[in-house]
S.K.: 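This is the structure I have questions about; it appears just below.
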Amino acid sequence: MIRITTPLTDDIIKSLKAGDSVLLTGYVYTARDAAHKRLVELIKDGKELPFDIKGQIIYYVGPTPAKEGQPIGSAGPTTSYRMDPYTPALLDKGLKGMIGKGKRAGEVIESIKKNCAVYFAAIGGAAALTAKCVKESTLIAYEDLGAEAIRRLYVEDLPLVVVIDSEGNNYYEIGQREYLSSLK
């Protein structure tokens, strides 16, 4: 298990390899498709983003409302391909990591390599457990989007797996090859 903290640096990112298990501590930002669309529109219009994206991680999540005394409700990952049309523009602006689930488009993988970034998978189906890693949640932008608003979360020991590393190695493909070769 590798422990890392935010913000991500190129040295941290380059040390991570597809298949690595990671415990992440630090700040991450939440955003799903509607928020991504707005962020990319700001970039296209030459306007500032609502937070400094350089070195940051976006967690693809729309958490449920928090219960009393809790910073957040259930917080499981969203399917990542829905953010693929917007991701390269955000990576070009300095985004260094993404957390979600599922495959990414070839264009996104190329942008990950070009920008020295990393794609992590969070554990799907364990949203209540993931929420226990969230210690703080602050609304940053787009309150009108409800659960899909951008929030800044402080997480401690959030369990993740490196799916696509900075060299473009893809754990989904590697794992499948390893499994199939073990059947021979």
Side-chain angles (χ1 to χ4, degrees), residues 4-10 12-13 16 24 26-66 71-122 124 127 130-131 133-134 136-155 158 160 162-166 168 170 172:
I4 61 173
T5 57
T6 62
L8 294 181
T9 64
D10 286 355
I12 292 171
I13 292 166
L16 299 173
L24 176 71
Y27 290 100
V28 300
Y29 292 85
T30 69
R32 287 180 40 171
D33 4 359
H36 273 73
K37 182 178 181 188
R38 291 183 186 182
L39 292 172
V40 170
E41 286 171 358
L42 289 173
I43 292 169
K44 286 179 181 175
D45 292 342
K47 296 180 179 173
E48 281 200 32
L49 298 179
F51 64 97
D52 183 2
I53 202 166
K54 290 187 177 95
Q56 300 304 321
I57 297 174
I58 292 180
Y59 182 17
Y60 304 148
V61 63
T64 62
I72 201 167
S74 292
T78 297
T79 304
S80 301
Y81 76 82
R82 293 171 28 199
M83 274 51 75
D84 284 357
Y86 313 108
T87 300
L90 295 171
L91 289 168
D92 288 347
K93 279 298 209 182
L95 179 67
K96 286 296 186 179
M98 299 140 295
I99 303 169
K101 66 179 181 182
K103 295 181 179 182
R104 304 308 299 264
E107 181 183 350
V108 172
I109 295 170
E110 288 306 311
S111 189
I112 287 170
K113 290 170 23 181
K114 172 185 152 195
N115 291 290
C116 188
V118 63
Y119 170 54
F120 300 101
T130 299
C133 297
V134 178
E136 298 172 20
S137 174
T138 306
L139 180 68
I140 297 296
Y142 311 137
E143 185 174 8
D144 62 302
L145 295 178
E148 294 194 33
I150 296 177
R151 290 175 173 74
R152 185 171 116 161
L153 306 181
Y154 184 78
V155 299
L158 179 64
L160 304 169
V162 176
V163 176
I164 301 171
D165 64 27
S166 62
N170 188 328
Y172 291 142

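Each residue takes its place number in the sequence, starting with 1. The figures here come from the full heavy-atom set of this structure, side chains too, leaving out hydrogens, waters and symmetry mates.
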S.K.: Has S80 got a side-chain atom pairing as donor or acceptor with K101's backbone, closer than 3.5 angstrom?
M.R.: yes
S.K.: Rounded to the nearest 0.5 Å, how far apart are CZ of R82 and NZ of K37?
M.R.: 14.0 Å
S.K.: Report, as yes or no, whether the 6.0 Å neighbourhood of atom OH on Y81 holds more than 12 heavy atoms from other residues, nucleotides or ligands.
M.R.: no
S.K.: Does the pair E107 and D84 meet the rule for a side-chain contact (heavy atoms from CB on, under 4.5 Å), with working shown?
M.R.: CA-CA 8 Å; E107 181 183 350; D84 284 357; over 6 Å; no
S.K.: For H36 and L90, which heavy atoms make the closest approach, and how far apart are they?
M.R.: CD2-CD1, 3.4 Å
S.K.: Has T6 got a side-chain atom pairing as donor or acceptor with Y27's backbone, closer than 3.5 angstrom?
M.R.: yes
S.K.: Go through it in stages, so that I can follow the logic: the residues are I150 and L39, the test is side-chain contact (heavy atoms from CB on, under 4.5 Å), and I'd like the CA-CA distance, side-chain angles, deciding distance and then a yes or no.
M.R.: CA-CA 10 Å; I150 296 177; L39 292 172; 3.9 Å; yes
S.K.: Please report the shortest heavy-atom distance between I13 and A117, naming the atom on each side.
M.R.: CG2-O, 3.5 Å
S.K.: For Y119, is the NZ or CZ atom of R104 found under 6.0 angstrom from the centre of its six-membered ring and inside 45 degrees of the ring axis?
M.R.: yes
S.K.: Would a distance-only check, ignoring hydrogens and angles, find a side-chain to backbone donor-acceptor pair under 3.5 Å from Y172 to G102?
M.R.: yes
S.K.: Any salt bridge linking E41 with R38? Criterion: basic side-chain nitrogen under 4.0 Å from a carboxylate oxygen.
M.R.: no
S.K.: Would you say T78's side chain and G100's backbone share a donor-acceptor pair under 3.5 angstrom?
M.R.: no
S.K.: Angle class for the F51/Y29 ring planes (parallel below 30°, perpendicular above 60°, tilted otherwise)?
M.R.: parallel
S.K.: Suppose we screen for ring-ring contact (aromatic ring centres under 6.0 Å, His included). Which residues come up paired with Y59, at least two apart in sequence or across chains?
M.R.: none
S.K.: Rounded to the nearest 0.5 Å, what's the gap from CD1 on I4 to CG on L16? Could you check?
M.R.: 5.0 Å
S.K.: Please confirm whether the backbone N or O of K96 pairs with a side-chain atom of K54, one donor and one acceptor, at under 3.5 Å?
M.R.: no
S.K.: Please determine whether side-chain contact (heavy atoms from CB on, under 4.5 Å) holds for the pair D33 and E148, giving the CA-CA distance in whole Å, both sets of side-chain angles, and the decisive distance to 0.1 Å.
M.R.: CA-CA 8 Å; D33 4 359; E148 294 194 33; 4.0 Å; yes
S.K.: Using the rule given for side-chain contact (heavy atoms from CB on, under 4.5 Å), can you reason through V163 versus F120, listing the C-alpha separation, both sets of side-chain angles and the distance that settles it, and then say yes or no?
M.R.: CA-CA 5 Å; V163 176; F120 300 101; over 6 Å; no
S.K.: So do the side chains of I112 and V118 get within less than 4.5 Å of each other, counting heavy atoms only?
M.R.: no
